[in-house]
Amino acid sequence: MTRAIMLQGTGSDVGKTVLVAGLCRLFANRGVRVRPFKPQNMSNNAAVAEDGGEIGRAQWLQSLAARVPSSVHMNPVLLKPQSEIGSQIIVQGKVWGHAKGRDYQALKPQLLGAVLESFATMRAGTDLVIVEGAGSPAEINLRRGDIANMGFATRANVPVVLVGDIDRGGVIASLVGTYHILPEEDRRMIRGYLINKFRGDVSLFAEGIEAIGGFTGWQCHGVVPWLKAASRLPAEDSVVLERLARGSAGALKVAVPVLSRIANFDDLDPLRAEPDVDLVFVRPGERLPADAALVVLPGSKSTIGDLLDLREQGWDRDIAAHMRRGGRVIGICGGYQMLGRMVYDPLGIEGTVTETPGLGLLDIETEMAPEKTVRNSLAVSKEYDVPLSGYEIHLGVTTGSDCERPSAVIDGRPDGAISPDGRVMGTYLHGLFGSDAYRAKLLASFGLAGERMDYRASVDAALDDIARELEKVLDPAWLDSLVH
C-alpha cells in the first residue's frame, strides 16, 4: 500500500516546503517512487503543471525534486490573493471562484472532495506521498472545515510530523503548546517532530529534546541545521523578500519595486543568483536607486491595484527619472501591462476601479477579459535570437503599435512589445531570465561578458545537497519506516 507522511509546522515559514523538497529528492535518489502533495496553498507564485492548470511554485519545485512530472493534483486548492475582492480560488488547476477570507471559510467543506480525489490520484502508482501542511494546526479558530492541516490528515488518515523552527526562538514552547492546544482527535495523528534551522552545536539542545519528550511523549526524528543550499532554490512566498541578500558591490544594479500584489517574483531568482548582479528589491517607502541600470516590473495579481500603489509610492516618478538618465525597463506579465498607456477592466474582474493610466513607456493598452491564459510555452527572443522556455498565466489582451516590435515569438505567436529606442521591453512570458542564453545576452548588453551559470542545473544541485544533508541528520530508522 502507498504510504504517506504529512509535515505540518508550528507556524508559517518554518521551512516545510524545503524539507518536503529535500525528502522528495532523498527518496528519489534511493529509487523510491515519491510524489509531493499540498492540499491547500496560498501564494501568488504559481506554476503551470505539465498536465495543464495552475499549482503553487513550491509544488512544482517539489515535483522537480521527486523527478516526476508536475500535476494539478499535487496542489488541488490554490488561493491567489487579489485586491479588495479577496482571493481567486484555483481548484485542480482551474479558476473555481473568488472569495474574501470569511466567505472562504464557509466554502472549504465544498473543496474537501476535490482534495481527497487529488490525493488518491497522487497515491496511485507510487510508493510514498509527502504532504505539506499550511500555517499551523494550532490555529484552532480555523479548525472547523479545515482542509489544509488536521482536517485533511484525519480524513485521509495520514500521520503527521511537526516541524519547529528553532531559529525564530521559542521552539520548545511552540511544540509543547501545539500538543496542549490540539484536541485529542488531532493530537493522536502526530508521530513525532523535527527541529529545523539549527545553528551551532546540536548537543547543546539535548536537554530541550528531553523536555519536549517529557511534555508530549513525541519522538524527535532529527535536528536539521541551517540549510545553506536552500538559498539557491526558487523563492516561494513574498515573506522571503524581506530577507533576500543583495548582490556583490560594484555589480550591475537591477531594481525591482515590491508591489502589494507582486506575483511570480521567482522570475528574478536567476538574476539574483548571478554573482555580478546586485538585485535590489525596493520596499514601500523606499526610492528606486538612482544608480540602477535596469528596472524590472514583475508580475502582479492585480495590475490596476498595483499601478495605483506604484504611483502612491512615487515609483512612477522614479522610473521616469530612470528613463531620463538613459536607463532600461523590462516588464513581465502584469509589469508589461503597466508599461502601456492605459489598462481597462470594464467587467470589474480585478476590483472596483475599471481603468487607470499606465506608465506610458510603451504605445500599448490592455483590456482585462475573463478568459485566463494558462500554458507552458516555448519561445524565441526577438531581441537576441535565442531560445526561451517558460509559462504564461495572465488575464487581458494587449494591443498597440509597439506590439509590431514583439519581444518574443511564443509557440509561433508574436508576444510582447519593444519601444522604438529598444530601452523598454515587455512580455507575458514568465521564466524569461531562466534562459541561460537570454540572460547571457542581456547581461552582455550591459557590458558583463563571460560565461553564465546553468541556472536549472544549480537548482538541481541544491536539491541534491539538501537531500545529502537530511540523510546525515535524520533518524535512519524513521526514514526507513516511511517506505517499509
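Everything quoted here is computed from the prediction, not taken from an experiment.
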| task | Show the numbers, then the answer: is there a side chain to side chain donor-acceptor pair (under 3.5 Å) between N45 and S43? | result | CA-CA 5 Å; N45 263 13; S43 177; 5.2 Å; no

| query | Of the options T398, T366, T303, which is the one that meets Q337 in a side-chain hydrogen bond (donor to acceptor under 3.5 Å, both in side chains)? | reply | T303

Would you say [X] and [Y] make side-chain contact, with heavy atoms under 4.5 Å?
| X | Y | result |
| --- | --- | --- |
| Y344 | I304 | no |
| S118 | Q92 | yes |
| R456 | D454 | yes |
| I319 | L359 | yes |
| L19 | L470 | yes |
| I130 | F27 | yes |
| F37 | P76 | yes |
| I410 | L378 | no |

Looking at [X] and [Y], would you say the former's side chain and the latter's main chain have a donor-acceptor pair under 3.5 Å?
| X | Y | value |
| --- | --- | --- |
| R33 | G125 | yes |
| T373 | I393 | no |
| S63 | W60 | yes |
| R35 | M122 | yes |
| N75 | V77 | yes |
| D146 | N149 | yes |
| N376 | V48 | yes |
| R155 | I147 | no |
| K38 | G133 | yes |
| R423 | M323 | yes |

| request: Carefully, step by step, assess Y104 and L111 under the rule side-chain contact (heavy atoms from CB on, under 4.5 Å). | output: CA-CA 10 Å; Y104 177 69; L111 303 177; 3.7 Å; yes

Spatial distance of atom [atom1] ([X]) from atom [atom2] ([Y]) [nearest 0.5 Å]:
| X | Y | atom1 | atom2 | answer |
| --- | --- | --- | --- | --- |
| L432 | I330 | CG | CD1 | 6.5 Å |
| L361 | H322 | CG | NE2 | 9.5 Å |
| N44 | S302 | CG | OG | 9.5 Å |
| L61 | T17 | CG | OG1 | 8.5 Å |
| L308 | Q313 | CG | CD | 12.0 Å |
| E54 | N41 | CD | CG | 12.0 Å |

| field | Worked verdict on R328 versus S445 for side chain to side chain donor-acceptor pair (under 3.5 Å) | value | CA-CA 11 Å; R328 290 162 63 179; S445 72; 3.0 Å; yes

| said: Test salt bridge (charged side-chain N to carboxylate O under 4.0 Å, His left out) on R452 and D436; report intermediate values, then the result. | reply: CA-CA 7 Å; R452 305 258 67 91; D436 299 329; over 6 Å; no

Output yes when [X] and [Y] qualify as a salt bridge under the 4.0 Å nitrogen-oxygen rule, no when they do not.
| X | Y | value |
| --- | --- | --- |
| D318 | R311 | no |
| D266 | R57 | yes |
| E392 | K372 | no |
| E274 | R439 | yes |
| K441 | D385 | no |
| K301 | D306 | no |

| field | Residue pair R168 / S174, side-chain donor-acceptor N/O under 3.5 Å | value | no

| said: Hydrogens and angles aside, do S71 and D51 bring a side-chain donor and acceptor to less than 3.5 Å of each other? | reply: yes

| task | In sequence, state the C-alpha distance, the side-chain angles, and the governing distance for D103 and K108, and then conclude on salt bridge (charged side-chain N to carboxylate O under 4.0 Å, His left out). | result | CA-CA 9 Å; D103 297 332; K108 286 191 298 184; over 6 Å; no

| request: Run the numbers on S407 and M425 for side-chain contact (heavy atoms from CB on, under 4.5 Å), then give the verdict. | output: CA-CA 7 Å; S407 58; M425 186 274 275; 3.5 Å; yes

| said: Quick check: Y428 with Y391 (ring centres under 6.0 Å apart)? | reply: no

| request: Kindly indicate, with the supporting measurements, whether the criterion ring-ring contact (aromatic ring centres under 6.0 Å, His included) is fulfilled by F152 and F119. | output: CA-CA 10 Å; F152 167 80; F119 182 59; 5.1 Å; yes

| message | I'd like to know whether D415 forms a side chain to side chain donor-acceptor pair (under 3.5 Å) with T427, so could you lay out the CA-CA distance, the side-chain angles of the two residues, the decisive distance to 0.1 Å, and finally the verdict. | response | CA-CA 6 Å; D415 169 78; T427 179; 2.6 Å; yes

| request: Start with the C-alpha distance between L23 and R25, add both sets of side-chain angles, then the distance that settles side-chain contact (heavy atoms from CB on, under 4.5 Å), and finish with yes or no. | output: CA-CA 5 Å; L23 286 170; R25 179 52 60 92; over 6 Å; no

| query | For the side-chain contact (heavy atoms from CB on, under 4.5 Å) test, which of V374, I89, I90 pairs with V95? | reply | I90

| request: Flag yes if more than 12 heavy atoms outside R375 fall under 6.0 Å of its CZ atom; otherwise flag no. | output: yes

| field | Step-by-step salt bridge (charged side-chain N to carboxylate O under 4.0 Å, His left out) determination, D464 to R67 | value | CA-CA 12 Å; D464 278 330; R67 297 197 177 96; 3.8 Å; yes

| task | Would you check, one step at a time, whether the test side-chain contact (heavy atoms from CB on, under 4.5 Å) holds for S377 with L429? | result | CA-CA 8 Å; S377 301; L429 186 71; 4.1 Å; yes

| query | Do we get R272 above F433's six-membered ring, with its NZ or CZ under 6.0 Å from the centre and within 45° of the axis? | reply | no

